[in-house]
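A short worksheet on the structure shown next.
Throughout, protein chains are lettered first and strands after them, A, B, ... in sequence-line order, and every chain is numbered starting at 1.
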2 protein chains.
Amino acid sequence: MQNKEIYHQMVNGGYKLTKPRKLIAKWIVGHKGVFSALEICRSLTDLDRVTIYRTIKLFCSLDIIHTVLSLNGEQYYERHATRGHHHHIVCTMCKKSECVPCEVPEIEISSFKKIHHSLVFTGLCDKCTINS
Amino acid sequence: MQNKEIYHQMVNGGYKLTKPRKLIAKWIVGHKGVFSALEICRSLTDLDRVTIYRTIKLFCSLDIIHTVLSLNGEQYYERHATRGHHHHIVCTMCKKSECVPCEVPEIEISSFKKIHHSLVFTGLCDKCTINS
DNA sequence: ATCATATTGCAAACGAGTTGCATTTGTCAA
DNA sequence: TTGACAAATGCAACTCGTTTGCAATATGAT
């Protein structure tokens, strides 16, 4: 049960285990891949938007999820270490996405610590290539 | 004179060479590195936001500039082919950024064409590492 | 079970970017 | 050079994702 793990991280961090937080944790565990705050809003309609945004921030600070770069002004997130580190390729026309294994070499920059990276590939999927 | 080149691209594309467009072209040529629409707004205060946004879109469609992924909901742009393809590392605390050469291998995905990538490294810069 | 306080939900605001529309400006043909 | 017409501008008012202030509520330590 992956959500138990998240509950643990919350309690360890000194945060209360509330109903909204549990619901959001379960949703995230049950969701494969990248997601946005608004997707959670659309699913968990009993919860206030504000609570969802705040919980997402909390989860980020607890390293339960991390931000993925945005393609369109909407912020996306991903569960830390789901199925190993990887990236996505997104079709610029129809927004369909696929996973891509990570081949970014580790970089060494003396003046920066705790380096993470966010990578998105964009292109045209087979269908959209034909239609364009 | 790099802006002459841009004027050419506009005329070739069948677009008028207006005062606002020339001003924005000059600003972009004179600007080193990544920029946002709002930065131009702050500099060229006589121009309407709307005109700036519309001109940026036009320049993107003419391949004069291209979008850079955003870290915070604000869209960033860069002059095409300035100093060759590269990426950025951004400090998560103070937002200071540095350039990083690109070492992402070309990927081959049969079902996608015209693949581009957007990569941002994040981390803590030296100062923020000390203060945290 | 009680209580302090962390957390929620509402309303109202925010900032970035967009749209509709009347006015102005570039361009091209006369 | 001028004038006409489409293209482009600027204003106002809007959208959408996200945030803030604050009163009401729920959690968990006692």
Side-chain angles (χ1 to χ4, degrees), chain A residues 3-4 6-27 34-62 64-78 95, chain B residues 3-4 6-28 34-62 64-78 92 95:
Chain A
N3 43 340
K4 292 280 163 60
I6 297 181
Y7 298 173
H8 227 253
Q9 284 173 272
M10 277 192 255
V11 175
N12 280 3
Y15 297 97
K16 291 185 179 173
L17 214 53
T18 65
K19 256 175 271 170
R21 285 174 181 169
K22 285 192 219 167
L23 281 168
I24 294 167
K26 275 186 199 157
W27 188 93
V34 168
F35 59 88
S36 68
L38 293 177
E39 275 179 78
I40 304 183
C41 292
R42 268 175 241 125
S43 295
L44 306 180
T45 45
D46 304 350
L47 299 183
D48 195 278
R49 287 201 311 298
V50 179
T51 306
I52 291 169
Y53 280 104
R54 285 197 274 233
T55 304
I56 285 177
K57 270 206 172 160
L58 175 67
F59 285 6
C60 281
S61 76
L62 290 173
I64 292 167
I65 59 177
H66 65 274
T67 60
V68 169
L69 64 81
S70 70
L71 288 161
N72 51 11
E74 196 176 340
Q75 183 66 262
Y76 288 87
Y77 305 88
E78 190 167 33
K95 308 298 176 197
Chain B
N3 42 339
K4 293 279 164 59
I6 297 182
Y7 297 174
H8 226 254
Q9 285 173 272
M10 275 192 258
V11 174
N12 280 2
Y15 298 95
K16 293 186 178 173
L17 215 51
T18 63
K19 257 177 268 171
R21 286 175 181 169
K22 284 192 218 166
L23 280 169
I24 294 168
K26 276 187 199 157
W27 187 94
I28 289 173
V34 168
F35 60 87
S36 67
L38 294 176
E39 275 178 79
I40 304 184
C41 292
R42 268 176 239 123
S43 295
L44 306 179
T45 45
D46 304 350
L47 299 182
D48 195 278
R49 286 205 310 301
V50 179
T51 304
I52 290 169
Y53 280 107
R54 285 197 273 231
T55 304
I56 285 176
K57 269 202 174 164
L58 175 66
F59 284 7
C60 281
S61 76
L62 290 174
I64 292 167
I65 58 176
H66 65 272
T67 60
V68 170
L69 64 81
S70 69
L71 288 160
N72 51 12
E74 195 177 341
Q75 183 66 263
Y76 289 88
Y77 304 88
E78 191 166 32
T92 45
K95 307 299 175 196

A:I56 CD1 to D:dG17 P, in whole Å, measures 13 Å
Whole angstroms only, please: what is the CZ-P distance between A:F35 and D:dG17? 16 Å
Phosphate-side-chain proximity, B:K16 and D:dT9, N/O vs OP1/OP2 below 4.0 Å: no
Indicate, yes or no, whether a donor-acceptor pair under 3.5 Å links the base of C:dG9 to the side chain of A:R54. yes
Taking CG from B:D48 and C1' from C:dT25, how many angstroms apart are they, rounded to a whole number? 16 Å
A:K22 near the nucleic acid: base, sugar-phosphate alone, or nothing, with a heavy-atom cut-off under 4.0 Å? nothing
Any idea which of D:dG10, D:dT27, D:dT18 is nearest the A:E74 side chain? D:dT18
Testing C:dT5, D:dC11, C:dT8 for proximity to the side chain of B:V50, the answer is D:dC11
OP1, OP2 of C:dG9 versus side-chain N and O of A:T51: anything below 4.0 Å? yes
Can you tell me if the side-chain N/O atoms of A:T18 get under 4.0 Å from OP1 or OP2 in C:dT8? yes
Could you state the atom-to-atom distance from CE of A:M10 to C1' of C:dT7 in whole Å? 13 Å
Candidates C:dT8, C:dT27, C:dA6 - which lies nearest the side chain of A:P20: C:dT8
Which part of the nucleic acid does B:R49 contact within heavy-atom distance under 4.0 Å: base, sugar-phosphate only, or nothing? base
Distance below 4.0 Å between A:Y53 side-chain N/O and D:dT18 OP1 or OP2: yes
How many whole angstroms separate atom CZ of B:F59 from atom C1' of D:dA8? 13 Å
In terms of heavy-atom contacts, does OH of B:Y15 have more than 12 from other residues, nucleotides or ligands at under 6.0 Å? no
Between OH of A:Y76 and C1' of D:dG17 the distance, given in whole Å, is 11 Å
Is the side chain of A:R21 donor-acceptor paired with the backbone N or O of A:K16 at a distance under 3.5 Å, no angle test? yes
Which one, D:dA8, C:dA16, D:dG17, comes nearest to the side chain of B:R21? D:dA8
Round to the nearest Å and state the distance from A:K19 atom NZ to D:dG28 atom C1'. 14 Å
Using the test side chain to side chain donor-acceptor pair (under 3.5 Å), find all partners of A:S36 that sit at least two apart in sequence or belong to another chain. A:E74
Could you tell me the separation between the CG atom of B:L38 and the P atom of C:dC14, rounded to a whole number of Å? 16 Å
